[in-house]
Number of protein chains: 2
Amino acid sequence: MDSQNPKKIRPLLEPEALDRIDRAILVALQQNARLTNKELAARVGLAESSCHERVKRLVAGGVVRGFHAEVDPRALGVGLQALVAVRLARQTNAAVVSFRQAMLALNEAIAVFHVAGANDFLVQVAVRDSDELRDLILRAITARPEVVHVETSLIYEHARNAGFGAP
Amino acid sequence: MDSQNPKKIRPLLEPEALDRIDRAILVALQQNARLTNKELAARVGLAESSCHERVKRLVAGGVVRGFHAEVDPRALGVGLQALVAVRLARQTNAAVVSFRQAMLALNEAIAVFHVAGANDFLVQVAVRDSDELRDLILRAITARPEVVHVETSLIYEHARNAGFGAP
DNA sequence: ATTGAAACATACAAGAG
DNA sequence: CTCTTGTATGTTTCAAT
């Protein structure tokens with residue numbers, strides 16, 4: 001980890017810290033990304049033009065990575081969710097990359113965590129029922145040669161924190 | 001679990017299945033919730049007014065739960081994320097509810113999974129550094145009387161699946 | 001359900017205080 | 001940062017199909 005040998009020249013985002021208003025904007029847009037600039041400006045106590053500028057800066061600077069609609073999985077007929085903990089035989093780069101890609105290629109996968117700990121991956125999946133879950137795990141996970149251990153936990157509830165980054 | 005004693009009368013969402021166009025709308029809005037209605041209509045091959053109606057229906061019917069901005073945690077100075085697996089002493093309703101609420105009250109918590117398996121909860125947290133992580137866990141999790149076991153996994157990467165519900 | 005067009009609102013850019 | 005002006009763009013309603 002030599003500072004003279006930077007492996008990744010990352011965009012460095014924002015050297016200047018985000019002020020109180022920026023944070024208020026981020027909190028508001030996390031809760032409702034479809035707020036009009038007008039409403040947003042009123043909430044954070046700014047003129048519309050200033051607010052508009054700030055939002056543009058936050059998006060352009062990569063502070064805001066995107067805007068996403070949250071869809072109820074039950075509406076898509078997949079009311080059963082699970083977290084599948086996976087341990088690989090060896091944590092080589094090739095194994096990690098190929099497993100990760102395979103998981104993201106699954107329509108049933110909602111999110112993939114690559115972690116350091118007892119397991120290597122946690123894959124959040126949504127399926128119709130337990131039959132589909134079993135089938136998915138056997139077909140798409142257990143069957144992979146790099147996988148040596150799988151442990152499944154049904155998800156009762158998945159709550160997101162509304163105001164992340166508030167104070 | 002008597003069917004004559006339903007604990008929750010849930011909205012029942014949509015009895016009618018979502019058609020191909022609805023799904024296309026959902027996929028598009030998951031990837032970019034800030035698509036203009038105009039662009040969205042063009043993508044799914046509908047007139048603006050029809051598309052607008054459908055989106056309204058999907059939101060009103062609870063199929064779309066909300067629109068959220070995704071914020072880069074590094075921009076907020078919290079570049080270290082972890083998944084904290086927690087086991088409770090007893091899985092009573094009181095213990096589960098109070099632990100859940102306590103976790104969601106933490107600004108460091110991004111998401112809380114209540115699961116069935118070896119553990120009872122998985123809490124996704126974002127902190128500045130490992131010192132803050134240790135402090136958070138000791139102060140807000142381990143210290144709780146209902147908690148009997150905690151296991152922390154650092155998150156190397158958290159990838160979201162773009163087109164959930166595609167086919 | 002879907003449509004096109006009118007009526008309304010907003011976003012966005014640029015310049016001045 | 002705020003205010004303003006201006007224009008382009010987008011949203012929303014509605015009668016008709």
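Each chain gets a letter, A, B and so on, in the order its sequence line appears, and its residues count up from 1.
When hydrophobic residues (I, L, V, M, F, W, Y) are linked wherever their side-chain heavy atoms come within less than 4.5 Å, Val97(A) remains an isolated member.
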Might you list the N or O atoms of the protein lying below 3.5 Å from N or O atoms in nucleotides 11-14 of chain C, with each pair's distance?
| from | atom 1 | to | atom 2 | distance (Å) |
| --- | --- | --- | --- | --- |
| dA11(C) | OP1 | Asn37(A) | N | 2.6 |
| dA11(C) | OP2 | Lys38(A) | N | 3.4 |
| dC12(C) | OP2 | His52(A) | NE2 | 2.8 |
| dC12(C) | O5' | His52(A) | NE2 | 3.1 |
| dA13(C) | OP2 | Lys56(A) | NZ | 2.9 |

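The distance from atom CG of Leu58(B) to atom P of dA1(C) is 13 Å, rounded to the nearest whole Å. Put simply, CD on Glu53(A) is 13 Å from C1' on dG15(C), counting in whole angstrom units.
Not one side-chain nitrogen or oxygen of Arg57(B) sits closer than 4.0 Å to the OP1 or OP2 atom of dA1(C).
Checked by atom type, the side-chain pair Asn119(A)/Glu151(A) shows no donor-acceptor distance below 3.5 Å.
The side chain of Ala47(A) lies closest to dC3(D) when the candidates are dC1(D), dC3(D), dT3(C).
Under the side chain to side chain contact (heavy atoms under 4.5 Å, CB included) criterion, Glu48(A) pairs with Asn37(A), Lys38(A), Ala41(A), sequence neighbours left out. With sequence neighbours left out, the side chain to side chain contact (heavy atoms under 4.5 Å, CB included) criterion links His158(B) to Ala111(A), Phe113(A), Gln124(B), Ile155(B), Arg160(B). Ala42(B) pairs by the side chain to side chain contact (heavy atoms under 4.5 Å, CB included) definition with nothing, not counting sequence neighbours. Every side chain to side chain contact (heavy atoms under 4.5 Å, CB included) that Val64(B) has, sequence neighbours left out, goes to Ala69(A), Leu26(B), Leu58(B), Val59(B), Phe67(B).
Applying the salt bridge (Lys or Arg N to Asp or Glu O under 4.0 Å) test to every pair with at least one member in residues 77-101 of chain B, sequence neighbours left out, gives these pairs: Glu157(A)-Arg100(B).
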Please report, to 0.1 Å, the donor-acceptor pairs under 3.5 Å made by any side chain of residues 133-143 of chain B, with sequence neighbours excluded.
| from | atom 1 | to | atom 2 | distance (Å) |
| --- | --- | --- | --- | --- |
| Thr142(B) | OG1 | Ile137(B) | O | 3.2 |

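Annotated stems with DNA chain D as a participant read C:1-7 with D:11-17, C:9-11 with D:7-9, C:13-17 with D:1-5, given as range with range, by first number; only runs of 3 or more Watson-Crick or G-U pairs under 3.5 Å qualify.
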